[in-house]
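Below is one structure, written out as structure tokens; comments come after it.
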Amino acid sequence: MLILKNVDAAGWQFAAHAGSPKGRQLAAHPSAALTFYWPGRGRQIRIRGAVTPGSADANTADSLARSPAARAEALLGHQSRHLDNLAHRDASITESARRVEQNPDLVAEDWTLYTLAPVAVEFWQAAGTRVHTRLRYERARPEAEWERHLLWP
């Protein structure tokens, strides 16, 4: 799970630590899909495309916009790794938070703002009859024109 940071002409932006499982997967295969699902409304949007890492300035700006606690955790770079015990986690985060407090401009070196440039966007509307309505916009490249297609349920 990630937070959508921004959407602009370049694409859909999200951030992660480059050393995390997501960051390593994106380095090996720089493409992804983002899915937004509203079960109460029976709606879903799925966006697919190539992913590029942000510039050093964009990465720094995104990191500095995060809360001090989130920045302290990112400085550790241990996301999703095995943890021996909670006391070790708490002591590590406390020390990292102290570092952020002493140096408010300190950012995690591997914090990365990624941009997904969409080449496919699918809209799905559920129907009680299970004959769902699906609409997909596709393009061969991020700079190409969009083509609209209805899809079978």
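Since we're looking at a predicted model, the values are computed, not measured.
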Worksheet item: When rounded to the nearest 0.5 angstrom, what distance separates NE2 in His17 from OG1 in Thr112?
Response: 8.0 Å
Worksheet item: Should Phe123 and Phe36 be regarded as members of a common hydrophobic cluster, given that ILVMFWY residues are connected when their side-chain heavy atoms come within less than 4.5 Å of each other, either directly or indirectly?
Response: yes
Fill in: Over 12 foreign heavy atoms within 6.0 Å of CD1, Ile3
no
Worksheet item: Hey, what do you get for CD (Glu138) to CD (Glu147), rounding to the nearest 0.5 Å?
Response: 7.0 Å
Fill in: Heavy-atom closest contact (Ser20 atom, Gln79 atom, distance)
CB-OE1, 3.3 Å
Item to complete: State plainly whether one hydrophobic cluster holds both Leu75 and Val107, where clusters connect Ile, Leu, Val, Met, Phe, Trp and Tyr through side-chain heavy atoms under 4.5 angstrom apart.
Response: no
Worksheet item: Measuring from Leu113:CG to Lys5:NZ, what's the distance to the nearest 0.5 Å?
Response: 7.5 Å
Worksheet item: Are side-chain heavy atoms of Arg71 and Leu64 found at a separation under 4.5 Å?
Response: yes
Worksheet item: Out of curiosity, Leu116 CG to Gln13 CD, how far, rounded to the nearest 0.5 Å?
Response: 10.5 Å
Item to complete: Return yes if some donor-acceptor pair links the side-chain N/O of Arg46 with the main-chain N/O of Ala120 below 3.5 Å, else return no.
Response: no
Discussion item. Could you report the tightest heavy-atom contact between Arg130 and Pro153, atom names first, then the distance?
Written reply: O-CB, 4.2 Å
Worksheet item: Looking only at heavy atoms, which two atoms of Pro142 and Ala117 are closest? And how far apart?
Response: CG-CB, 3.9 Å
Item to complete: Would you give the length of the straight line joining atom OG of Ser67 to atom CD of Glu73, rounded to the nearest 0.5 angstrom?
Response: 8.0 Å
Discussion item. Checking side-chain contact (heavy atoms from CB on, under 4.5 Å) between Ile45 and each of Tyr37, Trp124, Trp38, which is the one that passes?
Written reply: Trp38
Worksheet item: Applying the 4.5 Å side-chain criterion to the ILVMFWY set and letting contacts propagate, would Leu135 and Leu34 be lumped into a single cluster?
Response: yes
Worksheet item: In this structure, are over 12 heavy atoms from other groups packed under 6.0 Å from Glu145 atom CD?
Response: no
Worksheet item: At their closest point, which heavy atom of Val100 faces which heavy atom of Leu106, and how far apart are they?
Response: N-CD2, 4.5 Å
Fill in: Student check: side-chain heavy atoms of Glu95 and Ser92 closer than 4.5 Å
no
Discussion item. Are there over 12 heavy-atom neighbours, none belonging to Arg81, within less than 6.0 Å of that residue's CZ?
Written reply: yes
Worksheet item: Applying the 4.5 Å side-chain criterion to the ILVMFWY set and letting contacts propagate, would Leu2 and Tyr114 be lumped into a single cluster?
Response: yes
Response to the item:
The reported gap from CD1 in Ile93 to CG in Leu86 (rounded to nearest 0.5 angstrom) is 10.0 Å
Practice prompt. Measure up the Trp146 and Tyr137 rings against each other and bin them: parallel (under 30°), tilted (30 to 60°), perpendicular (over 60°).
Written response: perpendicular
Worksheet item: Is it true that a side-chain atom of His132 and a backbone atom of Ala127 form a donor plus acceptor pair closer than 3.5 Å?
Response: yes
Item to complete: Mark yes or no for whether Arg43, through its side chain, and Gln125, through its backbone, hold a donor-acceptor pair below 3.5 Å.
Response: no
Worksheet item: Just by distance, do the side chain of Thr60 and the backbone of Ala56 share a donor-acceptor pair under 3.5 Å?
Response: yes
Discussion item. Do Val51 and Ile47 land in one hydrophobic cluster if side-chain heavy atoms of ILVMFWY residues count as linked below 4.5 Å?
Written reply: yes
Fill in: Shortest non-hydrogen contact between Ala72 and Ser96, atoms and distance
O-OG, 2.6 Å
Worksheet item: Nearest heavy-atom pair of Asp8 and Asn6: which atoms, and what distance?
Response: OD2-ND2, 3.5 Å
Discussion item. Under 4.0 Å between a side-chain nitrogen and a carboxylate oxygen: does that hold for Glu101 and Arg98?
Written reply: no
Practice prompt. State whether the side chain of Arg48 and the backbone N or O of Ala33 hold a donor-acceptor pair below 3.5 Å, judged by distance alone.
Written response: no
